[in-house]
*Asks:* 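Have a look at this one before I ask anything.
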Amino acid sequence: MGTIIDGKAIGAVVREEVKQGAAAFAARSGRPPGLSVVLVGEDPASVVYTRNKEKAALEAGIAGTLHRLPASTSEEALLALLRQLNDDPRVDGILVQLPLPRHIRPEAVLDAIDPAKDVDGFHPVNAGLLSSGRPGLVPCTPAGCMRLLREAGVPLRGARAVVVGRSNIVGKPMAQLLLAESATVTIAHSQTRDLAALCREADVLVAAVGRPRMIQGSWVRPGAAVIDVGINRDDSGKLVGDVDFDAALPAAGCITPVPGGVGPMTIAMLLANTLRAADARLR
Ligand code: NAP
């Protein structure tokens with residue numbers, strides 16, 4: 001029976017670390033670290049996410065500011081706000097909540113954020129630094145997964161890792177981070193042949209697909225570490241991951257639940273990134 005990795009508890013530890021770091025930053029610089037969260041439109045999930053980010057920032061001693069813009073905001077007006085935030089010395093981190101309304105090009109927006117303030121780690125400069133093995137701002141969800149693996153004591157050097165999903169937000173950066181820890185990494189996606197057999201080879205299995213309970217218990221190698229990034233609703237409306245948790249638990253060495261696994265780490269790592277960006281700008 002696998003150990004359940006408690007993302008809520010580990011996320012709380014990260015937030016406490018950030019709180020202490022933010023206090024130290026404020027003592028040195030005379031101001032708290034600043035995080036600007038930009039929301040365009042009224043997407044209900046995005047409204048909740050951005051409010052939670054602002055609230056979590058304030059609780060950690062970070063000056064969180066939520067900029068709410070109407071769905072009709074033009075791309076040019078949004079870019080103008082980003083230029084203003086880039087130039088504002090009190091702002092250390094900038095995050096634009098996705099998805100954006102259809103008339104705004106997400107690439108144009110992500111590219112307009114100063115890479116030094118890009119706390120989501122989605123700017124091509126930060127993606128390039130990550131794939132070059134150089135320090136930069138790392139996307140929050142995969143950074144959170146790595147912290148979970150570390151806290152669970154999962155050995156990564158030489159381990160066989162399979163990441164299911166190749167998005168720029170999760171799958172690709174996750175694979176880069178595992179590679180940087182000297183795991184042997186395979187990235188799987190919708191065109192991968194015999195995914196079940198591939199997953200069975202994994203000492204570390206990361207699921208970032210967006211399909212409820214797609215990864216079956218029999219796909220899990222005995223003793224494997226299973227990190228479930230998925231957040232889905234099943235047919236009955238229940239929140240479930242990409243892994244069939246009940247079926248995978250007996251085989252896994254350790255496994256993250258949904259909810260309470262990767263989810264709580266994402267905001268915690270956003271706060272950690274904001275502190276990192278602030279400290280780097282102070283130097
Ligand atoms: P995404 O951009 O939709 O990417 C999904 C990936 O899964 C794609 O690479 C896709 O392959 C692959 N895929 C789809 N169907 C597949 C199949 N049948 N077999 C193998 N691979 C398949 O999603 P995302 O943004 O990476 O998010 C993935 C999941 O994580 C979602 O449930 C999302 O809600 C969740 N998420 C959670 C957090 C958190 O904080 N916990 C943060 C971000 C995302 P192709 O590239 O070939 O299409």
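Since the model is a prediction, treat every value here as computed from it, not as a measurement. Counting convention: from 1, in listed order, for ligands and their atoms alike.
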*Asks:* Look only at the side chain of Ser29 and the backbone of Arg31, and say whether a donor-acceptor pair between them is shorter than 3.5 Å.
*Replies:*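 Here the side-chain-to-backbone pair exists.
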*Asks:* Can you tell me how far CG of Leu149 sits from CG of Leu177, rounded to the nearest 0.5 angstrom?
*Replies:*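 Between Leu177 CG and Leu149 CG, I get 10.0 Å after rounding to 0.5 Å.
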*Asks:* Should we count CZ of Arg193 as having more than 12 external heavy atoms under 6.0 Å?
*Replies:* no
*Asks:* Which protein non-hydrogen atom lies closest to atom 31 (C) of ligand 1, naming both residue and atom, and how far is it?
*Replies:*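 That would be Gly210 CA, 3.6 Å.
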*Asks:* In the protein, which heavy atom is nearest to atom 10 (C) of ligand 1, and how far is it?
*Replies:*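 I find the closest protein heavy atom is Ser190 N, 4.3 Å.
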*Asks:* If you count the atoms of ligand 1 from 1 in the order shown, which ones are under 4.0 Å from a heavy atom of Thr266?
*Replies:* 39 (C), 40 (O)
*Asks:* What atoms of ligand 1 come closer than 4.0 angstrom to any heavy atom of Met214?
*Replies:*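 Under 4.0 Å from Met214, ligand 1 has these atoms: 17 (C), 18 (N), 19 (N).
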*Asks:* With Lys117, which of Leu137, Ile94, Leu82, Leu95 fulfils side-chain contact (heavy atoms from CB on, under 4.5 Å)?
*Replies:*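 One option only clears the test, and that one is Ile94.
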*Asks:* Contact between Gly171 and ligand 1, counting heavy atoms under 4.0 Å?
*Replies:*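 No, Gly171 has no heavy atom closer than 4.0 Å to ligand 1.
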*Asks:* Within a distance under 4.0 Å of any heavy atom of Gly263, pick out the atoms of ligand 1 and give their elements.
*Replies:* 41 (N)
*Asks:* Does any N or O in the side chain of Thr256 come within less than 3.5 Å of the main-chain N or O of Val262, such that one atom is a donor and the other an acceptor?
*Replies:* no
*Asks:* So which protein heavy atom does atom 21 (N) of ligand 1 come closest to, and at what separation?
*Replies:*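 Heavy-atom neighbour on the protein nearest atom 21 (N) of ligand 1: His189 C, 3.1 Å.
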*Asks:* Which residue owns the protein heavy atom closest to atom 8 (C) of ligand 1, what's the atom, and how far is it?
*Replies:* Arg166 N, 4.0 Å
*Asks:* Using modelled atom types and a 3.5 Å cut-off, is there a donor and acceptor pairing between side-chain atoms of His123 and backbone atoms of Asp111?
*Replies:*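 Side chain of His123 to backbone of Asp111: a pair is present.
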*Asks:* Could you find the nearest protein heavy atom to atom 33 (C) of ligand 1 and give me its residue, atom name and distance?
*Replies:* Ile231 N, 4.2 Å
*Asks:* Examine Gln191 against ligand 1 and note whether any of their N/O atoms are separated by less than 3.5 Å.
*Replies:*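 No: no nitrogen or oxygen of Gln191 is under 3.5 Å from one in ligand 1.
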*Asks:* To the nearest 0.1 Å, how far is atom 42 (C) of ligand 1 from its closest protein heavy atom, and which atom is that?
*Replies:* Thr141 OG1, 3.2 Å
*Asks:* Counting both backbone and side chain atoms, is some N or O of Ser167 under 3.5 Å from an N or O of ligand 1?
*Replies:* yes
*Asks:* Mind checking whether Asn232 contacts ligand 1 via backbone (N, CA, C, O), side chain (CB onward), both or neither, at a 4.0 Å heavy-atom cut-off?
*Replies:*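 Answer for Asn232: side chain.
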*Asks:* Do me a favour and list the nearest non-hydrogen protein atom to atom 27 (O) of ligand 1 with residue, atom name and distance?
*Replies:*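 For atom 27 (O) of ligand 1, the nearest protein heavy atom comes out as Val170 CG2, 4.4 Å.
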*Asks:* Pick one of side chain, backbone, both or neither for how Val229 approaches ligand 1, counting any non-hydrogen atom pair under 4.0 Å.
*Replies:*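 The answer is both, backbone and side chain.
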*Asks:* Where the closest heavy atom to atom 5 (C) of ligand 1 is concerned, which of Val258, Leu195, Val209 has it?
*Replies:* Val209
*Asks:* Among all protein heavy atoms in this structure, tell me which lies nearest to atom 15 (N) of ligand 1, with the distance rounded to 0.1 Å.
*Replies:*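 Its nearest protein heavy-atom neighbour is Arg211 NE, 3.0 Å.
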*Asks:* How many angstroms lie between OG in Ser46 and CZ in Arg68, if you round to the nearest 0.5 Å?
*Replies:* 10.0 Å
*Asks:* Looking only at side-chain N and O atoms, does Thr65 offer a donor or acceptor that is under 3.5 Å from a partner on Ser36?
*Replies:* no
*Asks:* Would you confirm whether Asp203, through its side chain, and Arg160, through its main-chain N or O, come within 3.5 Å as a donor-acceptor pair?
*Replies:*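 Judged by distance alone, yes, a pair lies under 3.5 Å.
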*Asks:* Which atoms from ligand 1 have a heavy atom of Gly165 less than 4.0 Å away?
*Replies:* 6 (C), 7 (O), 9 (O)
*Asks:* Would you check if the side chain of Asn273 reaches a backbone N or O of Val119 as a donor-acceptor pair within less than 3.5 Å?
*Replies:*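 Yes.
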*Asks:* Is there a salt bridge (charged side-chain N to carboxylate O under 4.0 Å, His left out) between Lys19 and Glu59 once you walk through the steps?
*Replies:* CA-CA 8 Å; Lys19 197 170 179 177; Glu59 281 168 10; over 6 Å; no
*Asks:* In this structure, which one of Asp114, Asp88, Asp92 forms a salt bridge (Lys or Arg N to Asp or Glu O under 4.0 Å) with Arg281?
*Replies:*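 Considering Asp114, Asp88, Asp92, a salt bridge (Lys or Arg N to Asp or Glu O under 4.0 Å) with Arg281 is found only for Asp92.
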*Asks:* Considering only heavy atoms of Val262, which atoms of ligand 1 have at least one such atom less than 4.0 Å away?
*Replies:* 41 (N)
